[in-house]
Asker: 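I am attaching a structure below and will ask some questions about it afterwards.
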2 protein chains.
Amino acid sequence: MNIKDAARASGLPAKTIRYYEQIGLVVPSRRANGYRDFSETDVHNLAFVARARALGFSIEDCHALLALYQDKSRASADVKAIAQRHLDEIEAKIRDLSEMRDTLSELVLACRGNHRPDCPILASMSGAGESGNSEA
Amino acid sequence: MNIKDAARASGLPAKTIRYYEQIGLVVPSRRANGYRDFSETDVHNLAFVARARALGFSIEDCHALLALYQDKSRASADVKAIAQRHLDEIEAKIRDLSEMRDTLSELVLACRGNHRPDCPILASMSGAGESGNSEA
DNA sequence: TTAGGGGTTCCAGTTGCTGGAAGGTCAAGA
DNA sequence: TCTTGACCTTCCAGCAACTGGAACCCCTAA
C-alpha cells in the first residue's frame, strides 16, 4: 500500500506518517523503487498512534504504548501507569487553564470595552493591587 | 540595572529577558561596555509581560497588549477584544482536555492494572468498537 | 595577579509536525 | 514514443517560547 492510501486508512497526513517513520515509530518496508510499502499491520499501528495522540499522549508515550501493545506478555499495570500519569498531567493542565479562565473572565467582564483608555485588564497586568496597600 | 537584577525584579529568568529583547518585546539600552542597562520602565514592562504570559497570552498578544498599555489614547475595546479571543481559546482548550480526561479516566478505571496482558486502554486505541456492530 | 562572579554572543535542542523545493517514478493517453 | 499529471522521494526550514551550553569578555576585591 502506498503512503497516500495508508494516510487515508489511518487518518493521518502523509507528512506525519513520514515523520513517524523518521523517528522510528512505525517503519514500513520499501519496494524496489524506493516507495514505502505499508502492510495492514503498519496501517493498524498508525491508526493506533493516531488514537493515542488524540488522547493527548506524547510521541514518547505512543512509542511505549505501541511496544506494550505488541508485547503479548505485557502487564496491563504498565499500560495503566502510563495512562494514569498522563491523566494526572491533563488534570493539572485543566486546573491551570481553569485558573486562567477565571481570572481572565473576571477581567473581561470588568472591562467596559469602549473608546476610552481605562482598562482593568491592563491595570491588572501592570501590577494593580501589587503590594497589598493600594486599596486597604 | 544589570540583567540579573532585572531578572529578580521582574521574576523572569535572564535567558528569557535576553530572548524578549531579541524578538523586540522589551529592549533595554546598553552601557559603554556592552552590558544591558534596564530602566525602571523596562523592568515594569518585563513584569507586565510576565503577568500576561502567566495568563496564557501568546508573545504576539503580549506585544499588542504592551503597545496598547503604552498608548494612552487607546480604546479599552481593543484590549478587551484580545482578552476575549484568548479567553475563548482557553475555554476551547479546556473543553478538549476535559474530553480527553473523561475518556482516559474511564479507561484507567476499567483497566485492572495487574500482571496480565488484557487491557481496555490498549483495546480502545487498537480500535475496539470501531465499525459500530461489535456489541450492537 | 588571580579568582570569582558577573556579563556577552551564538548555536543547538526541545515537541510534533508542516510547508516547500528539487527531483525520481509510473500509468495512461495522443 | 513522448508527454502529462499524479504520485513518490529526500532534505531543509520554520513554527512557539524558551533553555542549555560553549566560548569568551569585564569588573571588582583580596
Side-chain angles (χ1 to χ4, degrees), chain A residues 1-38 42-43 45-46 48-66 82 85-86 89-90 93 96-97 100, chain B residues 1-38 42-43 45-46 48-66 82 85-86 89-90 93 96-97 100:
Chain A
M1 191 186 294
N2 274 354
I3 197 167
K4 216 188 182 191
D5 296 316
R8 204 174 8 226
S10 66
L12 289 168
K15 272 272 180 188
T16 301
I17 294 176
R18 286 195 196 97
Y19 171 69
Y20 286 171
E21 183 196 36
Q22 190 188 319
I23 60 173
L25 197 49
V26 173
V27 181
S29 57
R30 297 284 182 141
R31 300 222 197 101
N33 61 8
Y35 284 21
R36 289 170 182 83
D37 189 10
F38 294 85
D42 291 331
V43 169
N45 287 345
L46 286 171
F48 180 99
V49 172
R51 288 192 201 92
R53 293 286 301 135
L55 285 177
F57 284 101
S58 70
I59 292 286
E60 200 187 339
D61 281 347
C62 289
H63 232 326
L65 290 170
L66 205 48
I82 293 173
R85 192 179 32 67
H86 179 48
E89 286 167 8
I90 285 179
K93 206 170 290 180
D96 287 353
L97 287 171
M100 287 184 195
Chain B
M1 192 188 292
N2 274 354
I3 197 166
K4 215 186 181 192
D5 297 315
R8 203 174 10 225
S10 66
L12 290 167
K15 272 271 179 192
T16 300
I17 294 176
R18 286 196 197 95
Y19 171 69
Y20 286 171
E21 183 196 35
Q22 190 188 318
I23 61 173
L25 197 50
V26 174
V27 181
S29 57
R30 297 283 182 141
R31 300 224 197 99
N33 62 7
Y35 285 21
R36 290 170 183 81
D37 189 10
F38 294 85
D42 291 331
V43 170
N45 287 345
L46 285 172
F48 180 99
V49 171
R51 288 191 201 94
R53 293 286 300 135
L55 286 176
F57 284 101
S58 69
I59 293 285
E60 200 188 338
D61 281 347
C62 289
H63 232 325
L65 290 170
L66 206 47
I82 293 173
R85 191 178 34 67
H86 179 48
E89 285 166 9
I90 285 179
K93 207 169 290 180
D96 287 354
L97 287 171
M100 288 182 195

Asker: Looking only at heavy atoms, which two atoms of B:Arg53 and B:Cys62 are closest? And how far apart?
Answerer: CD-SG, 3.8 Å
Asker: Within the 4.0 Å limit for protein heavy atoms, which parts of nucleotides 1-14 of chain C are touched? Write it as a string from 5' to 3', B for base, S for sugar-phosphate only, - for none.
Answerer: -----BSBBB----
Asker: Can you name the closest pair of heavy atoms from B:Ala14 and B:Ala7 and give their distance?
Answerer: N-CB, 4.0 Å
Asker: Among all residues two or more places apart in sequence or in another chain, which pass the salt bridge (Lys or Arg N to Asp or Glu O under 4.0 Å) test with A:Glu60?
Answerer: none
Asker: Kindly give the heavy-atom pair with the smallest separation between A:Ala64 and A:Ile82, and that separation in Å.
Answerer: CB-CD1, 3.8 Å
Asker: Between C:dC17 and A:Tyr20, is there an OP1 or OP2 to side-chain N/O distance shorter than 4.0 Å?
Answerer: yes
Asker: Give me the atom names and distance for the closest heavy-atom approach of A:Tyr20 to A:Leu12.
Answerer: CE1-CD1, 3.8 Å
Asker: Could you tell me the boundaries of the chain B footprint on DNA chain D, defined by atoms under 4.0 Å from its heavy atoms?
Answerer: D:dA17 to D:dC27
Asker: Return the set of residues passing ring pair (Phe, Tyr, Trp, His ring centres under 6.0 Å) with A:His86 (not counting sequence neighbours), or none when no residue passes.
Answerer: A:Phe57
Asker: Tell me the closest heavy-atom pair linking A:Ile90 and B:Leu97, and the distance in Å.
Answerer: CG2-O, 3.7 Å
Asker: Would you mind writing out the side-chain donor-acceptor pairs for residues 24-31 of chain A within the sub-3.5 Å range, not counting sequence neighbours?
Answerer:
residue, atom, partner, partner atom, Å
A:Ser29, OG, A:Asp37, O, 3.3
A:Arg30, NH1, A:Gly34, O, 2.8
A:Arg30, NH2, A:Glu21, OE1, 3.2
A:Arg30, NH2, A:Glu21, OE2, 3.3
A:Arg31, NH1, A:Asn2, OD1, 3.2
A:Arg31, NH2, A:Asn2, OD1, 3.1

Asker: Listed by chain and number, what are the salt bridge (Lys or Arg N to Asp or Glu O under 4.0 Å) partners of A:Arg51, not counting sequence neighbours?
Answerer: B:Glu130
Asker: Which of residues 52-65 of chain A sit near DNA chain C, with a heavy atom under 4.0 Å from it?
Answerer: A:Arg53, A:Ser58, A:Ile59
Asker: If an axis is fit to five pairs at each end of the helix from C:dT1-D:dA30 to C:dA30-D:dT1, what is the angle between the two, to the nearest 10°?
Answerer: 40°
Asker: Could I get the full list of salt bridge (Lys or Arg N to Asp or Glu O under 4.0 Å) partners for A:Asp61, not counting sequence neighbours?
Answerer: A:Arg85
Asker: The criterion is salt bridge (Lys or Arg N to Asp or Glu O under 4.0 Å); which residues satisfy it with B:Asp5, sequence neighbours excluded?
Answerer: B:Arg8
Asker: Would you name the heavy atoms of A:Ser10 and A:Val43 that are closest together and state the gap between them?
Answerer: CB-O, 4.2 Å
